[in-house]
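Input: a single structure, listed below in C-alpha cells.
Throughout, residue positions are numbered sequentially from 1 according to the sequence presented.
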Amino acid sequence: MSILRPFAGAASAVTAPARTRLAADAVVLVAFAALLWAVVDLSHGVLVPFDPNRDVAGVSTDLTNLPYDAARSLLRMFVGLALSLVFTFVYATAAARSRRAEKVLIPILDILQSVPVLAFLSVTLSVWLVLFPNSELGVECASVFAIFTSQAWNMTFAFYGALTSQPRELDEAARLLRLSRWQRFWKLDVPSGMIPLVWNGMMSFGGAWFFLVASEVISVNNHTYALPGIGSFVASATADENIPALLAAIVTMVIMVVGVNTLFWSPLTAWAERFRVGDTAPASAPRSVVLDVLRHSGLPGLLGRALRPLREGIDRAMRVFGVADVPLSVDRGRRRIGDVVFGVAVTVLVVWGGVVMLRSISSSIGLDEFAVAAGLGLITFARVLVLVIVGTLVWVPVGVWIGMNPRVTRFAQPIVQVLASFPANFLFPFVTLLLIQTGISLDVGGIFLMSLGAQWYILFNVIAGASAIPGDLREAATHLGLSRWLRWRTVILPAVFSAWVTGGIAAAGGAWNASIVAEVVTYGSTTLTATGLGSYIAQATATGDTARTYVGVIVMSVFVVALNRAVWRPLYRLAQTRFQLA
C-alpha cells in the first residue's frame, strides 16, 4: 500500500538539516498530541446520558461555550468525511469494476444525490434512537449520518469517474505485474483518483457546513433534538434574537473555515499533486507550509516503517480475493443469460417496492397528493431557475475577470474558497430580520436565501475555467484586434462553457436542497413560510407526517433527476463535443 507512505517527496526528512528536522519533529509531535487530546476530550460528551427534553431552548448561548461547541461540530464534520471516504472507496469501486452492478448503483447514486438531507434525518433518526436508547450517541449518529449524506455522493461520483477513465496502459501494467485486487486498489486505483477525490472532497466538506444547523437541531415527529455544536448555538441565538451571539458565531465560523482550509485542505491538495498522471505539471504547483513541516519531519517516515509489517500482513491476507485479472473475452451467451436474470431480479424488486410504497401512500393521504406536491415543485423550480439565471449574469463576468488576471486570482481565489465553504444559513437570521422589517414576502426573499449558498459553485467553476484558457489563445484574440464583444462571444464564453455547466449543475442541485431550509425561516417568535416544495417537505418532516414526507421527497427527486437528464446532461455533452479546449 504505497499510498500509505504519505509525505515522501523532494523535501524529505533525510535531506533536511538536522536542526530543521528536529524543529519539525517537535512541531509535529506537539500538534499530534494536541489533536489526540482534543478528540479524546470531545468524545466524552458523546457518551453522556441522553436528555430527550433538551431542545433549542436548552442550548446555552453563553460565549464561553462557543469554542467547545465549535470543536464538537468540527469533530462531526471530520467523522462524516471519514465515513464518506470509506463509502466512496467501496461503492465507486463496485460500480466501476462490475458491469451489472454499475447499471444499478449509478442510477441509485443519482437519486440519492437528489434526496434532501432532511429526508434522511426523518427516516433514520428513530433507528439510531433504538440502537442507542439511553445515550446521546444515538442523536450524535443521526447528526453524523446527515453530514455524511451531504458529502458522500459527490465524492463517490468523482472517484467513480476517475476509475472509469483510467488509462488503458495502467490496467495492462496491473495485469502483467499480477497484482492482487487489494494491491491494485491501493497502488493504482487510489493514486490515480487522488486529485479529483481531494478536490471534490474539499467541495463536499464546504457544502456540508450549510446543513450543520439542520443536523444539530433535528426537528422530526413533533419533537426537536438539539446537540452541542455551533449549528445549535446559532439556532438558539436566533430564537433568543441574540445578535451579539450570532455575530460571535459567524466570526468563529470564519476562523474555523480558514483554519481547516489552511491546516488540512491546503496541505492535502499540495500533497495530491504527487499523483498527477502524465508528463505535464501545473503552471503553479500548490504549496503548503504545513506540508513542508511534515516533509521535513522524520516522524511520518518512522511511523511508516513501524507499520510496514502490518501493511505487508494485510497484503498477504487480502490475496484471498484473487488477482486483478478480468477475462479479456467472455462467452456472449452466458453473459446475455446473466444479464436477463439480473435485469428481471432488479425489475421485480423495484416494482415490488414501488407498489408497496404507493399502497401505503394511497391508504393514508391518497395519490392525489402527488399532484399537489408537483405544483409546489414547479414554484420551487421557478426559484431555482431565477437563481441560476441571475447567478450566471452576475458571477460569470466576475469569475472571468478573476480567472484571467493572475494577480487578482492570487488574492481573490482564497477568498472565494472561504465564501463557498462558509455556511450561508448562518446569515439567514439577519436576512429574515430584514424581510420582517421591510415586509418583503419570503416567496421572493427565498430566492436570495437559496442563492447565498448555491451561487458560489458558478463563480468557483468559472474562475477555474477562465484560468485554464491557454495563453496563446488569449494572445491570438489580442493580435487579431477582436472587439470586446467578439472576444467574449468567440473565445471567452466557449472556453468557460464547460466550467459553467459544471457549476450550474452543482448550483441547481444545491438550491433544491437549500429550499428545505430557505422556504421556512424563523427569527425569534416570528416564522416566515414560502409556498413551495421545500416548505412542504420541511413542515411534513417537523410534524411527523411520513406519507407527505415521502411524497415530497419523491417529487423533488423526480424534478432533479429529470432536469439533470433533460437539460444538464445535453449541455454537458455539448460542452465536451463542441467547446472542449483539449
Side-chain angles (χ1 to χ4, degrees), residues 110-126 149 211 214 218-224 350-388 428 432 435 440-451 454 508-522 526-568:
D110 207 12
I111 295 172
L112 288 173
Q113 190 172 230
S114 65
V115 175
V117 173
L118 199 61
F120 288 109
L121 276 174
S122 64
V123 173
T124 60
L125 178 61
S126 57
T149 59
F211 298 100
I218 306 172
S219 297
V220 295
N221 300 329
N222 289 312
H223 194 87
T224 299
V350 171
V351 171
W352 174 78
V355 169
V356 171
M357 179 191 63
L358 291 176
R359 281 182 177 177
S360 175
I361 294 174
S362 177
S363 62
S364 56
I365 58 176
L367 297 180
D368 293 342
E369 195 68 22
F370 279 101
V372 175
L376 295 174
L378 289 174
I379 297 174
T380 300
F381 167 67
R383 294 193 180 100
V384 174
L385 184 62
V386 171
L387 183 155
V388 172
F428 280 16
T432 305
L435 295 178
I440 299 175
S441 172
L442 187 61
D443 290 321
V444 177
I447 301 174
F448 178 69
L449 292 177
M450 290 161 63
S451 70
W512 278 102
N513 226 325
S515 67
I516 306 291
V517 293
E519 292 183 350
V520 179
V521 293
T522 302
T526 304
T527 299
L528 302 180
T529 304
T531 302
L533 187 58
S535 60
Y536 178 90
I537 295 175
Q539 291 172 339
T541 303
T543 57
D545 193 338
T546 305
R548 283 185 170 82
T549 300
Y550 285 155
V551 169
V553 170
I554 291 170
V555 170
M556 181 173 285
S557 299
V558 169
F559 265 100
V560 175
V561 173
L563 288 169
N564 283 347
R565 295 186 179 275
V567 178
W568 291 114

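Atom CG of Leu435 is separated from atom CZ of Phe428 by 10.5 Å, given to the nearest 0.5 angstrom. Distance check: Ser364 OG to Arg548 CZ gives 8.0 Å after rounding to the nearest 0.5 Å. In this structure, the separation between CH2 on Trp512 and CG on Leu533 is 6.5 Å, given to the nearest 0.5 Å. In this structure, Ile554 CD1 and Ile537 CD1 are separated by 10.5 Å, a value rounded to the nearest 0.5 Å. To the nearest 0.5 Å, the span separating OG1 on Thr380 from CD on Glu519 amounts to 4.0 Å. To the nearest 0.5 Å, atoms OG1 (Thr149) and CG (Leu112) are separated by 9.5 Å.
Residues forming a ring pair (Phe, Tyr, Trp, His ring centres under 6.0 Å) with Phe448 (at least two apart in sequence, or on another chain): none.
No side-chain N or O of Thr529 forms a donor-acceptor pair with one of Ser535 less than 3.5 Å apart. For the 3.5 Å distance criterion, the side chains of Tyr550 and Glu369 fail to qualify, holding no donor opposite an acceptor.
In this structure the side chain of Thr531 never reaches within 4.5 angstrom of the side chain of Tyr536, judged on heavy atoms. Residues Val521 and Thr527 fail the side-chain proximity criterion, which asks for heavy atoms closer than 4.5 Å.
The backbone N or O of Asp443 sits less than 3.5 Å from a side-chain atom of Arg383, completing a donor-acceptor pair. Ser360 places no side-chain N or O within donor-acceptor distance of the main-chain N or O of Val356, the cut-off being under 3.5 Å.
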